[in-house]
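A short worksheet on the structure shown next.
For this chain, numbers begin at 1 and follow the sequence in order.
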Amino acid sequence: MDATFNYYTSTTTSSSSSSSSPTTHFTKTSRRKLPRRRENLPIGKFFRRRIVRYLLLFILLFVSGMITFISPLFAMLYPNYPPGSIYRSHEVFQNLLEDILSDHSSDIQLSDVWRYKMKMKEHKPCLTPTTRQHLETSIADKYLIIEANGGLNQQRASICNAVAVAGLLNATLLIPRLNFHNVWRDASEFGDIYDEEHFISTLKKYVDVVRELPKELMEHYDFNISKIPNVRVPAWASARYYLEQVYPVFKDQRILRIAPFANRLASSLPFHIQYLRCLTNYEALKFSIPITTLAKSLVERMTVNSSGSGGKYVSVHLRFEEDMVAFSCCVYDGGKHEQLEMEQIRERGWGDKFKRKNYIIDPVRFRIDGRCPMTPLEVGMMLRGMGFSNTTPIYLAAGKIYEADKNIAPLKKMFPLLHTKDLLASLDELSSFQGYSSRLAALDYIVCLFSEVFVTTQGGNFPHFLMGHRKFKYGHAKTIIPDKRKLVVLLHNTTISWHTFKNEMQVMLEESDHKGVAIPKIKKLTRKNSIYAHPFPDCQCLQESRFSTEE
């Protein structure tokens, strides 16, 4: 009954209000036009709308996540490497092989490779030193002992510097001792590589050289040179340093040992001391008879094999041995196997040097900067692009090439007349050289010295000395020095045409020709432009007075 009464009362009140108030009528009309409240909607339709909203949000988040995470993955799968940053030369070679083998349009003759000739500028008359340096005549004979470390040509630099220091200090030089290195592993002594008698007699006018120290001096050290106190000299020490810091020590003990001795003398020296360097390098250091005898035979055989080109041949110093590839920390096309193998070689030869925190290994940057050793394939493509025909005789100066069968094959395909000392000499002829890297390098040095064209691929002491020796001997570097930064960019482009690549290589050859005849304007010699690579003008007096025909 209460419920009925309430309902009746509510209805009556509502009806009464409706008839008496327009405002109330307007409100009721407006309510009918408003959308229904959410709670009045069917439950299914409400949940469907919410699900759609959540689904749209999920899709939006998913797409955003895909953009965030897939982009780096896509970059890993399809990276956009900077030009020249990775090794793609083998891909370029395969793409261009047919064009390379069929191209005979611009073959050049070896006798016509060099267009420019060196023109020596006017210079002051040569004043060849004729007397020794005398500091204090009252002091008894003083003896200098040095240990030449490194490979063949780093040792050569140490020997030349030792003669210069002996001349500067007015000392008697003991025949230089050659240090044994765990990488080169050559136990040769001075007389195994160089002609001792020739060395002593050539320098006699300027510096005394002896094979042994006096017994009365050696008695103090139990006849053991290693017991003689070692004097530490900073790298690239000046002549003034030796006179002011080293000579007083010399006066006290009469005997001086400096070990190791590589890079212990500045490049710029007084003229009469610099002359001793020139004399030592270009005249006094004559290779031993066993080396020169076999080397001359190799040169003769290369000349015979080069009869089709007038007896002229191209020599290539290829630094693609296992230890060089490992030391460079560059990456080629061998994948994981190559990486593990190189790590083992580095650890075996240099211990933990490459694992130190401050040692940064960046193969991408190394290649872009032109620091990676050129492969035989790259050398072959470069020379064919420059215009050397497939009938050009090539002498390859190198140690044991990394994965030789695989890596030499492309070069052999481009230049069938490919020779090495191992192919030119018999096993019997090479038997006394095996296991002696410096003696084998000396054979390569002489054969390269007599080639019409010398190609350097990596830098280092070997080409450094050889370029200077060839310039001193012929008046022209006769050397191809690749622009490796430019080369790696060209060989990164797998769509490059043979025509484009060839044009770039011919420009590179002409630039090498220009550099070969240019005498750099050097105000002060540094280790980067020493007389070993640039003999002029410092060694010009020696060239004019005693033009070397050695080797």
Q.
For V92 and W498: C-alpha separation, side-chain torsions, deciding distance, then whether side-chain contact (heavy atoms from CB on, under 4.5 Å) applies.
A. CA-CA 10 Å; V92 178; W498 176 240; over 6 Å; no
Q. Is the closest side-chain heavy-atom distance between I345 and V325 below 4.5 Å?
A. no
**Q.** Closest heavy-atom pair and its distance - N149, Q154
**A.** O-CG, 3.5 Å
Q) Are R439 and S432 close enough that a side-chain donor and a side-chain acceptor fall under 3.5 Å? A) no
Q.
Could you tell me if S226 and N224 have a donor-acceptor pair between their side chains, going purely by distance under 3.5 Å?
A. yes
Q. Closest approach of L101 and K413, non-hydrogen atoms and distance?
A. CD2-O, 3.8 Å
Q. Can we call the ring centroids of Y445 and F465 under 6.0 Å apart?
A. no
Q) Under a 4.0 Å N-O cut-off, is there an ion pair linking E321 with R319? A) yes
(Q) List the residues meeting disulfide (SG to SG under 2.5 Å) with C278, not counting sequence neighbours, and say none if there are none. (A) C539
Q | Name of the residue among E322, E341, E338 meeting side chain to side chain donor-acceptor pair (under 3.5 Å) with Y402 | A | E341
Q | side chain to side chain donor-acceptor pair (under 3.5 Å) between S497 and T500, intermediate numbers included | A | CA-CA 5 Å; S497 69; T500 299; 2.8 Å; yes
Name the atoms and distances for all side-chain donor-acceptor pairs under 3.5 Å in residues 378-400, with sequence neighbours left out.
from: E378; atom 1: OE1; to: T375; atom 2: N; distance (Å): 2.9
from: E378; atom 1: OE1; to: T375; atom 2: OG1; distance (Å): 3.4
from: E378; atom 1: OE2; to: S89; atom 2: OG; distance (Å): 2.7
from: E378; atom 1: OE2; to: R367; atom 2: NH2; distance (Å): 2.9
from: R384; atom 1: NH1; to: F388; atom 2: O; distance (Å): 3.0
from: R384; atom 1: NH2; to: I100; atom 2: O; distance (Å): 2.7
from: R384; atom 1: NH2; to: D103; atom 2: O; distance (Å): 3.2
from: S389; atom 1: OG; to: T391; atom 2: N; distance (Å): 3.3
from: S389; atom 1: OG; to: T391; atom 2: OG1; distance (Å): 2.7
from: T392; atom 1: OG1; to: S389; atom 2: N; distance (Å): 3.3
from: T392; atom 1: OG1; to: S389; atom 2: O; distance (Å): 2.9
from: Y395; atom 1: OH; to: D444; atom 2: OD1; distance (Å): 2.6

Q. For residues 297-336, which residue pairs qualify under ring-ring contact (aromatic ring centres under 6.0 Å, His included), counting only residues two or more places apart or in two chains?
A. Y87-Y332, H317-F462, F320-Y332, F327-W350, F327-F354
Q: Give a yes or no on this: more than 12 heavy atoms of other residues, nucleotides or ligands lie within 6.0 Å of atom NZ of K486.
A: yes
(Q) Is any side-chain heavy atom of V489 closer than 4.5 Å to one of R485? (A) no
Q. At their closest point, which heavy atom of L294 faces which heavy atom of A425, and how far apart are they?
A. CD1-CB, 4.4 Å
(Q) For Y282 together with F472, are the ring centres under 6.0 Å from each other? (A) yes
Q) Are V113 and I108 close enough that some pair of their side-chain heavy atoms sits under 4.5 Å apart? A) yes
Q. What residues, two or more places apart in sequence or in another chain, satisfy side-chain hydrogen bond (donor to acceptor under 3.5 Å, both in side chains) together with H492?
A. R88
Q | Considering all heavy atoms, the nearest I446-V299 contact | A | O-CG2, 4.3 Å
(Q) Suppose we screen for salt bridge (Lys or Arg N to Asp or Glu O under 4.0 Å). Which residues come up paired with D333, at least two apart in sequence or across chains? (A) K406
(Q) Tell me whether the count of non-hydrogen atoms from other residues, nucleotides or ligands lying under 6.0 Å of CD in E189 goes above 12. (A) no
(Q) Test of understanding: with side-chain hydrogen bond (donor to acceptor under 3.5 Å, both in side chains), list the residues that count as partners of N503, not counting sequence neighbours. (A) H499
Q: With the side chain counted from C-beta on, respond yes when T292 and D195 share a heavy-atom pair under 4.5 Å apart, and no when they do not.
A: no
**Q.** Minimum heavy-atom distance between P482 and M374, given as atom pair plus value
**A.** CG-SD, 3.9 Å
Q: State whether the number of non-hydrogen atoms from other residues, nucleotides or ligands found under 6.0 Å of E343 atom CD is greater than 12.
A: yes
